[in-house]
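Worksheet: one structure, shown below.
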Amino acid sequence: MRELAKFYITTPIYYVNDKPHIGHAYTTIAADVIARWHRLKGEEVFFLTGTDEHGEKAEQAAKKEGKTPKEFVDGIVDQYIRIWKELNISYDYFIRTSDPSHEKIVKQLVEKIYKNGDIYKGYYEGWYCVPDETFWTDLQLKDGKCPECGRDVKKIKEESYFFKLSKYQDKLLEFYKKNPGFLSPKFRSKEILNRVEDGLKDVSITRTTIKWAVPFPMDEKHTLYVWIDALINYISALGWPDGKRFKEFWPADIHLIGKEINWFHSVIWPALLFSAGIEPPKKVFAHGWWTIDGKKISKSLGNAIDPVALAKKYSLDAFRYALLREMPLGDDGDFSEKTLAVRLNNELAAELGNLLNRAVTIAEKYDGAIEGSPELESSLNVDKIDEAMERINTFDALSEIFLFIKAANKYVNDKEPWKLKGKELGGVLYNLLESLRIISILISPFTPGTSEKINAQLGVKAGALEDCKFGKHAYKVKKGEYLFKKIEN
RNA sequence: AGCGAGGUAGGGUAGUCUGGAGUGCCCGUUGGGCUCAUAACCCAAAGAUCGGUGGUUCAAAUCCACUCCUCGCUACCA
């Protein structure tokens with residue numbers, strides 16, 4: 001038996017002091033689309049998401065609500081799981097850093113790094129702004145004061161264990177050089193490269209003040225800094241070191257992350273893995289941020305968007321589509337309901353929905369044989385779409401898919417099938433129905449629910465990527481509801 | 001401040017590496033065509049001193065220098 005290609009993609013694990021907003025939804029939907037695309041290609045996919053549950057902020061948030069940290073995070077985790085279900089996220093496993101199995105593996109890995117001599121005891125020194133409860137480095141201070149509020153800062157000296165990140169500077173640089181695709185997208189790789197070339201400081205990896213965390217195995221007074229704990233999720237979820245999944249799926253094909261956490265994933269994470277003798281992931285892809293109507297998302301502006309509400313208002317698939325259609329993954333983009341509505345009305349309803357509707361209407365009235373020569377085949381370029389998806393460019397992929405949809409609409413206009421009869425009509429219908437069947441496959445990672453509806457109206461089964469070519473298929477056409485309803489605004 | 005990215009029609013982009021008529025795409029605007037279909041679909045047109053100045057060249061959005069503007073990153077909150 002031929003062994004299936006393996007594909008492992010992860011989202012960040014989301015921190016639980018807050019409810020999921022559009023940023024979380026974007027990352028997760030994008031990962032979902034990529035995962036579904038690779039399933040379409042017949043690969044064996046493992047798609048991981050989860051929650052990062054330790055640390056001071058979760059501890060405080062729990063206190064505020066009079067709950068234990070565990071009770072508190074359980075509540076938030078339930079929300080995440082429910083929302084991912086509503087957004088049709090096809091993850092294979094949901095990891096929680098409070099899982100005992102995760103904790104055990106984290107300790108095991110830290111011990112291994114310690115034994116390799118890469119962890120030592122030292123003192124963390126920094127500036128602390130008491131009212132803001134925030135640490136700052138020398139560089140960040142503004143005229144010796146807190147850069148946020150301008151008030152005086154206090155020098156803090158705290159016992160801490162450090163990871164010898166500096167030791168891995170050369171190894172990291174060599175690794176980046178040998179694996180040019182690792183730092184993605186390209187325009188972001190220089191930010192990391194330059195900083196690593198400037199020199200690396202060792203990282204403080206333990207705290208003495210935080211209880212809600214994984215205990216540091218070598219010293220009971222310390223707990224592990226949450227980031228270290230969090231990063232390890234990517235292998236603990238696979239059951240490192242001996243788990244079957246670890247052997248099958250590691251190294252990860254893509255860690256999809258937001259640009260704000262690029263440093264941890266592109267520098268600290270591979271260094272930790274080097275130290276533990278584990279292969280680093282193949283690619284870290286940092287996507288951009290959304291602005292909402294041209295403004296940054298922030299709590300003070302109160303413009304955080306609830307993804308579920310949007311999905312309800314405009315339909316889930318329109319929302320998923322709009323997120324991935326707006327800009328190439330990696331760039332920053334602006335999100336507005338107005339654009340979403342325009343895309344829904346013009347692209348999904350008018351181009352795709354209407355194409356199906358007009359084809360199905362004609363086909364239902366026709367009772368001859370649906371067969372002919374594939375005249376629309378030349379407008380379809382599946383390789384180009386796949387190539388865009390391999391570059392993680394959903395924007396280009398959707399553009400290419402919609403070029404084919406446009407070509408099909410034009411074909412209808414040119415052929416004027418409502419004037420045709422018999423064999424001629426059968427030939428046009430063959431091209432239309434085959435095109436729709438293929439379109440349904442191609443868009444299924446983006447809009448899975450819509451593909452199901454198309455398949456139902458055509459009377460065909462869901463296909464794989466290799467079925468995206470003109471061939472012979474039997475149809476049982478039955479007109480159904482509109483794929484997308486236009487929305488007035 | 002240091003490092004990085006970018007400034008192309010009303011908006012968004014491709015083209016820049018490997019110079020060759022401002023060439024393309026999406027939205028928007030205007031006019032027309034068609035009528036199977038969700039007042040949809042198709043065609044066409046208008047609209048840009050390619051941030052600015054100077055240079056190299058027969059020829060510059062593209063190469064060089066300078067300049068203006070915008071944005072991002074700068075490690076221990078996640």
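By convention in this document, chain letters (A, B, ...) are assigned in the order of the sequence lines, proteins followed by strands, and residues within each chain are numbered from 1.
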To the nearest Å, give me how far apart CG (A:Leu183) and C1' (B:G4) are.
-> 14 Å
Would you classify A:Asp202 as touching base, sugar-phosphate or nothing, given that sugar-phosphate means primed atoms plus P, OP1 and OP2, and contacts are heavy atoms under 4.0 Å?
-> base
note: A:Ile210, atom CD1; B:C77, atom C1'; distance rounded to Å ~ 9 Å
Enumerate the residue pairs fulfilling side-chain hydrogen bond (donor to acceptor under 3.5 Å, both in side chains) with a member in residues 417-427 of chain A, sequence neighbours excluded, ordered by first and then second residue.
-> A:Glu416-A:Lys419
Can A:Tyr482 be said to stack with the base of B:U38, given centres closer than 5.5 angstrom and planes under 30 degrees apart?
-> yes
Can you tell me how far C1' in B:G20 sits from the matching atom in B:G10, rounded to whole Å?
-> 30 Å
State plainly whether the residues A:Glu387 and A:Arg391 are in salt-bridge range, i.e. N to O under 4.0 Å.
-> yes
Could you state the CG-P distance from A:Asn194 to B:G72, rounded to the nearest angstrom?
-> 18 Å
Using Watson-Crick geometry (N1-N3 plus N6-O4 or O6-N4) or G-U wobble (N1-O2, O6-N3), each under 3.5 Å, B:C50 is paired with none
So what does A:Val226 hit on the nucleic acid, given a heavy-atom distance under 4.0 Å: a base, only sugar-phosphate, or nothing?
-> sugar-phosphate
With no hydrogens and no angle check, is any side-chain donor or acceptor of A:Ser399 less than 3.5 Å from a backbone partner on A:Phe395?
-> yes
Tell which nucleotide pairs with B:U29, taking only Watson-Crick or G-U wobble pairs whose two distances are both under 3.5 angstrom.
-> B:A45
Is a salt bridge present between A:Lys171 and A:Glu174, judged by a nitrogen-to-oxygen distance below 4.0 Å?
-> no
Distance test, side-chain N/O of A:Tyr411 to OP1/OP2 of B:C41, below 4.0 Å = no
Expressed in angstrom and rounded to an integer, what is the separation of A:Arg343 atom CZ from B:G11 atom P?
-> 17 Å
Can we say A:Lys415 and A:Glu375 salt-bridge, meaning some charged N sits less than 4.0 Å from an Asp/Glu carboxylate O?
-> yes
Which base, if any, makes a Watson-Crick or G-U wobble pair with B:U56, both distances under 3.5 Å?
-> none
Nucleotide forming a Watson-Crick or wobble pair with B:C36, both distances under 3.5 Å | none
Atom C1', compared across B:U8 and B:G52: separation rounded to whole Å | 15 Å
In whole angstrom, give me the gap between the P atoms of B:U16 and B:C66.
-> 24 Å
Using heavy atoms and a sub-4.0 Å distance, could you list which residues of residues 415-428 of chain A are near RNA chain B? By number, please.
-> A:Trp418, A:Lys419
Relative to each other, are the rings of A:His255 and A:Trp269 parallel, tilted or perpendicular (30° and 60° limits)?
-> tilted
Rounded distance (Å) that lies between atom C1' of B:C42 and atom CG of A:Leu355 = 13 Å
Let me know the distance between CD1 of A:Ile192 and P of B:C3, rounded to the nearest Å.
-> 17 Å
Does the ring centre of A:Phe402 sit less than 6.0 Å away from the ring centre of A:Tyr321?
-> yes
Looking at A:Glu400 and A:Lys384, does any basic side-chain N land under 4.0 Å from a carboxylate oxygen?
-> yes
Atom C1', compared across B:U74 and B:U13: separation rounded to whole Å | 30 Å
Between B:A46 and B:G54, how far is it from one P atom to the other, in whole Å?
-> 31 Å
Across the strands shown, which category fits A:Thr361 at heavy-atom distances under 4.0 angstrom: base, sugar-phosphate, nothing?
-> sugar-phosphate
Under 4.0 angstrom, heavy atoms only, what part of the nucleic acid is A:Gly55 near: base, sugar-phosphate, or nothing?
-> nothing
Residues that A:Lys410 engages under salt bridge (Lys or Arg N to Asp or Glu O under 4.0 Å), provided they are two or more places apart | A:Asp414
Select base, sugar-phosphate, or nothing to describe what A:Ala349 touches, counting heavy atoms under 4.0 Å on all strands.
-> base
Partner nucleotide, any strand, of B:A78 [Watson-Crick/G-U, under 3.5 Å] = none
Exercise: identify the closest heavy-atom pair between A:Asp202 and A:Leu165 = OD1-N, 3.2 Å
Interatomic distance, A:Phe162 CZ vs B:A75 P [rounded to whole Å] | 15 Å
When the P atoms of B:A60 and B:G19 are considered, how many whole Å apart are they?
-> 13 Å
Base, sugar-phosphate, or nothing for A:Asn354, non-hydrogen atoms under 4.0 angstrom?
-> base
Output field: ring centroids A:Tyr161/A:Tyr114 closer than 6.0 Å | no
Please figure out whether A:Phe484 or A:Asn413 has its closest RNA chain B nucleotide nearer the 5' end.
-> A:Phe484
B:G4 pairs with, by Watson-Crick or G-U criteria that keep both distances under 3.5 Å = B:C71
Distance, P atom - from B:G47 to B:U23, rounded to whole angstrom | 13 Å
Look at all strands and tell whether A:Asp198 reaches a base, only sugar-phosphate, or nothing, counting heavy atoms closer than 4.0 Å.
-> nothing
Any A:Asn346 side-chain N or O less than 4.0 Å from OP1/OP2 of B:G28 = yes
Using Watson-Crick or G-U wobble geometry with both distances below 3.5 Å, tell me the partner of B:A21, or none.
-> none
Value in whole Å for how far the P atom of B:A1 lies from CZ of A:Arg195 = 19 Å
With rounding to whole Å, what would you report as the distance between B:A21 and B:G33 at their C1' atoms?
-> 32 Å
When only distance counts, do a donor and an acceptor, one from the side chain of A:Lys410 and one from the base of B:C42, lie under 3.5 Å apart?
-> no
Which is true for A:Leu200 with a 4.0 Å heavy-atom rule: it touches a base, it touches only sugar-phosphate, or it touches nothing?
-> base
Would you kindly compare A:Glu260 and A:Lys486 by the position of their nearest RNA chain B nucleotide and give the one closer to the 5′ end?
-> A:Lys486
Of all the choices, B:U74, B:C36, B:A78, which nucleotide is nearest to the side chain of A:Tyr15 once you look at every atom?
-> B:A78
Using a 4.0 Å heavy-atom cut-off across all strands, classify A:Gly199 as base, sugar-phosphate, or nothing.
-> base
Looking across every strand, which nucleic acid part, if any, lies under 4.0 Å from A:Ile268 by heavy atom: base, sugar-phosphate, or nothing?
-> nothing
